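Take a look at the structure set out below.
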Amino acid sequence: MRNLGRKRENKLKDILITHVKRNLREYSIVLLLFLIGLIFGIIFINNSSQNQVEDITGYLNEFVNSLKANAQIDKGVLLKDCLISNFLLVLALWFVGSTVIGIPIVYGIIIYRGFCLGYTISSIIATLGIGKRNIICNNINPITKHYFYSMYISISSKWYKTI
């Protein structure tokens with residue numbers, strides 16, 4: 001019985017490795033576009049005026065202080081809103097990505113999501129300092145992995161052939 005689980009794990013691992021090898025070009029394109037968006041987000045924060053930086057700092061400090069004061073956050077409403085917005089994004093990516101004409105739109109969404117992540121990370125570092133990097137590593141990084149893989153699936157027409 002135990003060997004059956006190992007065989008299944010090895011088969012899944014082999015499928016994933018061959019999938020990545022066959023679609024290395026698509027993975028590279030998505031990663032490059034995502035990194036371009038990330039760099040644009042960082043550059044945008046670094047080139048912001050002093051008034052914009054003060055607004056961002058004030059907003060983030062107010063949010064952090066409200067969390068420290070044990071402000072009540074309705075996690076159910078937050079989860080529902082997050083799921084609805086992400087479901088709509090996934091649905092739009094799937095619909096647009098299923099046509100050849102929509103591929104540039106998907107690429108634009110990938111760049112936009114990279115920009116949002118770069119903007120968020122840069123503004124947190126600019127406001128809270130580099131010492132709070134655990135916030136970024138623990139909370140933002142796992143979300144990015146899910147976005148990256150779902151965006152890849154939306155532009156790849158070959159992903160279903162390896163299953």
Side-chain angles (χ1 to χ4, degrees), residues 16 19-20 23-159:
L16 289 174
H19 172 72
V20 170
N23 300 306
L24 192 59
R25 179 176 173 240
E26 285 87 2
Y27 275 113
S28 300
I29 290 170
V30 170
L31 181 63
L32 181 66
L33 292 174
F34 191 77
L35 289 175
I36 288 170
L38 189 76
I39 291 169
F40 281 154
I42 293 169
I43 289 171
F44 187 80
I45 287 291
N46 288 339
N47 292 329
S48 297
S49 68
Q50 188 63 27
N51 291 336
Q52 291 172 331
V53 172
E54 288 174 4
D55 288 342
I56 293 169
T57 303
Y59 175 74
L60 285 175
N61 284 333
E62 181 182 323
F63 181 72
V64 170
N65 289 336
S66 69
L67 288 179
K68 287 180 182 177
N70 292 328
Q72 295 296 326
I73 298 175
D74 191 1
K75 293 178 182 176
V77 172
L78 185 64
L79 178 66
K80 184 178 106 178
D81 290 344
C82 182
L83 287 176
I84 288 172
S85 66
N86 285 324
F87 178 74
L88 292 175
L89 177 67
V90 167
L91 190 64
L93 282 172
W94 175 78
F95 179 73
V96 173
S98 64
T99 64
V100 175
I101 299 169
I103 296 297
I105 296 170
V106 173
Y107 287 155
I109 292 172
I110 291 170
I111 292 172
Y112 172 73
R113 297 307 285 191
F115 176 83
C116 290
L117 183 67
Y119 184 90
T120 303
I121 291 172
S122 294
S123 60
I124 288 173
I125 289 174
T127 302
L128 302 176
I130 195 73
K132 303 286 183 178
R133 64 181 167 262
N134 288 338
I135 294 172
I136 297 167
C137 293
N138 294 334
N139 297 322
I140 296 176
N141 193 20
I143 297 168
T144 306
K145 291 176 188 174
H146 296 295
Y147 279 129
F148 183 73
Y149 193 69
S150 65
M151 286 181 202
Y152 167 73
I153 287 175
S154 66
I155 66 161
S156 175
S157 61
K158 303 174 188 174
W159 71 273

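As the structure is a prediction and not an experimental result, all values here were calculated from the model.
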Interatomic distance, CD@Q50 vs CG@D55, rounded to 0.5 Å, equals 10.5 Å
Working to the nearest 0.5 angstrom, can you tell me the gap between I111 CD1 and I39 CD1? 11.5 Å
I84: partners by side-chain contact (heavy atoms from CB on, under 4.5 Å), with sequence neighbours left out: K80, L88
Could you check whether atom CD1 of I101 has more than 12 heavy atoms from other residues, nucleotides or ligands sitting under 6.0 Å from it? no
Atom pair CZ (F115) and CD1 (I109), whose distance is rounded to the nearest 0.5 Å: 15.5 Å
Would a 4.5 Å heavy-atom cut-off, applied to side chains only, mark I45 and I56 as touching? yes
Over all heavy atoms of both residues, which pair between G118 and L38 is shortest? Give the atoms and the distance, please. N-CD1, 3.4 Å
Are the side chain of S122 and the backbone of Y119 linked by a donor-acceptor contact shorter than 3.5 Å? no
Exercise: identify the closest heavy-atom pair between R113 and F34: C-CE1, 4.0 Å
Out of curiosity, I43 CD1 to S48 OG, how far, rounded to the nearest 0.5 Å? 11.5 Å
Just jot down the ring pair (Phe, Tyr, Trp, His ring centres under 6.0 Å) partners of Y59, sequence neighbours excluded, or say none. none
Under the side chain to side chain contact (heavy atoms under 4.5 Å, CB included) test against I110, which residue among V30, L31, L32 passes? V30
